[in-house]
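Below: the structure, in structure tokens.
Residue indices begin at 1 and follow the sequence shown. All figures in this text were calculated on a predicted structure; none of them were measured in a lab.
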Amino acid sequence: MLDIVIMAAGKGTRMKSNRPKVLHTLAGRPLLQHVLAMATGLGAESLITVTGHGAAEVEAAMRAAFPSAPLAFVRQEPQLGTGHAVQQAVPVLHDAPEATTLILNGDVPLIEAATARALIEACNGRRLALLTIELPDATGYGRIVREGGTPGQSGTTGAAVRAIVEHKDATPAQRAIREVYTGMMAVPTAALKRWLAALNKDNAQGEYYLTDIVAMAVADGVPVVAAQPASETEVLGVNSPLQLADLERRFQRARAEALMEAGVRLADPARFDVRGELVCGSDVDIDVNCVFEGSVHLGDGVRIGANCVVRNARIAAGAVLHPFVHIDGEALGVRVGEAALVGPFARLRPGADLGPEVHIGNFVEVKNAQLARGAKANHLAYLGDATVGERVNYGAGSITANYDGANKHRTVIGDDVHVGSNCVLVAPLTVGAGATIGAGSTLGKDAPPGQLTVARARQTSLAGWQRPEKKR
């Protein structure tokens, strides 16, 4: 049986922010959400997060992100050290024989599931297993003291761990040790409860150190073993904006390298960000300074120009996004069809659905509108709440006036319609197939198929005008 305890109570004063530290974002998600996302795949009976600063906000955010996970929260108030934090979780830990408690940090977001599993296996319900790593600069970390370790070295390889000494309490010889404790461990639950009850705060910080349980394990004859992560990045925590930015770049570089290994061509992997899930087909080109958020799928042969932001969208094979395109699909999503051309400086909003070979040009905005094959809106236009047929040519400066101040209405434009420049199509409205709307028209009634329609606004008094009542 496995319980996971995640320590997330700290304020993070070096972040210079009132926001709880674990809610600062990495790759578009809160730090704590990264840890919980990994932990949900480990098969734990419960995921217990120790909260403190901004507890209500942290707990609400995680419940929203993981509505079906076995989450539990305990509060550490005041914060009296790492040992004190885990003490708060004791009442909700399981008592089953050989139960294991895995302890993680909410501000160490990139720990891999394989590393966590290796730590659990090293514990095996009978040993105290520590996650350790050797660092060239170990300042601030607790040092691993091994049996027979030589001062100035990381300790004798394979020798038993005897203690962890916090940096502030370490002697000069101990500070020379390069092997450090990462803040993560797996512990037999029954022994953990016993050791936590025996903690004291007789140290330089006046806090209850979780690391003191190592000496207790040694005294009880419980083996203390160590496991190591695959890379340093997995165990780096966030205590300052500088560290957060460094971890962001490490994360993005790893994503970029994985994509390039799969055949995606990135103009510069250092100027590339994924803040969600990006799936790419073959022969995809991505220029510099592009950001992908939410769920994005790029089909075969897609070309993404510089400085594009794409969120929650599916871009079909052969489509091209020219530079400075902004796509935000939100919940409805955005679809761009095969061989479509978008941009530069175009905006696609939720519900935009572009068919094959559609052209959306500079300073054109599309929202909740479907454009059929070959339709074009090349300049300075707005299409909202519209259904646009095949081969429609939508002129510069034209808009669908879809909102009457209370409700939104739909515009339907048939196949082969030509809409001149600077037109206003006042919905609800249907323009028949093959019709032509003359430049400068304001059209408030349906246009018959195949006819030339020129309609100009009448000057009317606004006296007595009232805002329409919203539909309920």
Side-chain angles (χ1 to χ4, degrees), residues 2-42 44 46-66 69-90 92-93 101-113 115-116 119-120 130-131 140-142 181-187 192 207-211 229 233-241 243-248 250-251:
L2 175 66
D3 290 316
I4 299 176
V5 175
I6 303 171
M7 293 187 287
K11 181 177 181 179
T13 54
R14 284 194 286 159
M15 293 299 293
K16 308 296 184 184
S17 170
N18 290 325
R19 187 191 312 171
K21 179 170 67 168
V22 294
L23 293 187
H24 285 272
T25 57
L26 173 78
R29 294 195 297 174
L31 300 175
L32 179 56
Q33 189 173 335
H34 283 271
V35 181
L36 279 169
M38 183 280 298
T40 55
L42 298 178
S46 62
L47 302 173
I48 305 158
T49 301
V50 183
T51 60
H53 177 68
E57 184 181 359
V58 172
E59 292 165 12
M62 294 306 106
R63 286 193 177 102
F66 301 96
L71 301 184
F73 297 93
V74 295
R75 295 191 180 181
Q76 183 192 19
E77 296 172 340
Q79 284 99 57
L80 301 176
T82 54
H84 182 251
V86 182
Q87 284 175 343
Q88 311 315 302
V90 166
V92 292
L93 296 177
T101 298
L102 175 66
I103 299 173
L104 304 174
N105 289 318
D107 62 355
V108 181
L110 298 185
I111 180 73
E112 295 283 350
T115 297
L119 194 57
I120 296 165
L130 308 173
L131 191 65
Y141 286 88
Y181 170 57
T182 65
M184 291 170 274
M185 63 171 67
V187 196
L192 175 64
E207 295 182 347
Y208 295 95
Y209 289 160
L210 180 61
T211 51
T233 300
E234 288 190 58
V235 299
L236 293 179
V238 174
N239 291 301
S240 69
Q243 290 175 337
L244 179 60
D246 173 65
L247 209 55
E248 179 78 40
R250 288 171 181 254
F251 176 87

Notebook entry, point to check: Does the side chain of Pro109 reach to within under 4.5 Å of the side chain of Leu247, using non-hydrogen atoms?
Noted result: yes

Check: Side chains of Val35 and Asn105: closer than 4.5 Å at any heavy-atom pair?
Finding: no

Margin query: Is there a side-chain contact between Gln88 and Ile48 in this structure, where contact means two heavy atoms from C-beta onward sitting under 4.5 Å apart?
Written below: no

Checklist line | Exercise: identify the closest heavy-atom pair between Met62 and Phe73 | finding: CB-CZ, 3.9 Å

Checklist line | Shortest non-hydrogen contact between Leu119 and Leu102, atoms and distance | finding: CD2-CD1, 3.7 Å

Next item on the list: Take Leu23 and Val58 through the side chain to side chain contact (heavy atoms under 4.5 Å, CB included) test and state the conclusion after the steps.
Entry: CA-CA 7 Å; Leu23 293 187; Val58 172; 4.0 Å; yes

Check: Are any of the side-chain heavy atoms of Thr182 and Val108 separated by less than 4.5 Å?
Finding: no

Next item on the list: Spell out, as yes or no, whether a donor-acceptor pair under 3.5 Å connects the side chain of His34 to the backbone of Leu26.
Entry: yes

Check: Where is the tightest heavy-atom contact between Met38 and Ala116, given as atom of each residue plus distance?
Finding: SD-CB, 4.0 Å

Next item on the list: Begin with the C-alpha distance, continue with both residues' side-chain angles, and end with the deciding distance and a verdict on side chain to side chain contact (heavy atoms under 4.5 Å, CB included) for Glu234 and Leu131.
Entry: CA-CA 11 Å; Glu234 288 190 58; Leu131 191 65; over 6 Å; no

Check: Sub-3.5 Å donor-acceptor pair from the side chain of Gln76 to the main-chain atoms of Gly81, do we have one?
Finding: yes

Next item on the list: State, with a plain yes or no, whether a side-chain heavy atom of Thr82 is found less than 4.5 Å away from one of Thr211.
Entry: no

Next item on the list: Mind checking salt bridge (Lys or Arg N to Asp or Glu O under 4.0 Å) for Arg75 and listing every partner two or more places apart, or none if nothing turns up?
Entry: Glu59

Notebook entry, point to check: Got a second to check how far Ile120's CD1 is from Thr101's OG1, nearest 0.5 Å?
Noted result: 10.5 Å

Note to self: Tell me the closest heavy-atom pair linking Gly54 and Pro20, and the distance in Å.
What the structure shows: CA-CG, 3.7 Å

Margin query: Going by the rule salt bridge (Lys or Arg N to Asp or Glu O under 4.0 Å), which residues pair with Asp107 if we only count those two or more places apart in sequence or in a different chain?
Written below: Lys21

Next item on the list: Identify the two heavy atoms, one from Phe251 and one from Ala27, that lie closest to each other, and give their separation to 0.1 Å.
Entry: CE2-CB, 3.2 Å

Next item on the list: Find out whether Leu210 and Tyr181 are in side-chain contact, i.e. whether some heavy atom of one side chain is under 4.5 Å from a heavy atom of the other.
Entry: yes

Next item on the list: Using a 4.5 Å cut-off on heavy atoms from C-beta on, say whether the side chain of Leu71 contacts that of Thr49.
Entry: no

Notebook entry, point to check: Are any of the side-chain heavy atoms of Leu110 and Leu236 separated by less than 4.5 Å?
Noted result: no

Next item on the list: List the atom of Asp3, the atom of Ser46, and the distance in Å for their closest heavy-atom pair.
Entry: OD1-OG, 2.6 Å

Next item on the list: List the steps and the verdict of side chain to side chain contact (heavy atoms under 4.5 Å, CB included) for Leu31 and Leu244.
Entry: CA-CA 10 Å; Leu31 300 175; Leu244 179 60; 4.0 Å; yes

Next item on the list: Take Leu192 and Leu93 through the side chain to side chain contact (heavy atoms under 4.5 Å, CB included) test and state the conclusion after the steps.
Entry: CA-CA 10 Å; Leu192 175 64; Leu93 296 177; 4.2 Å; yes

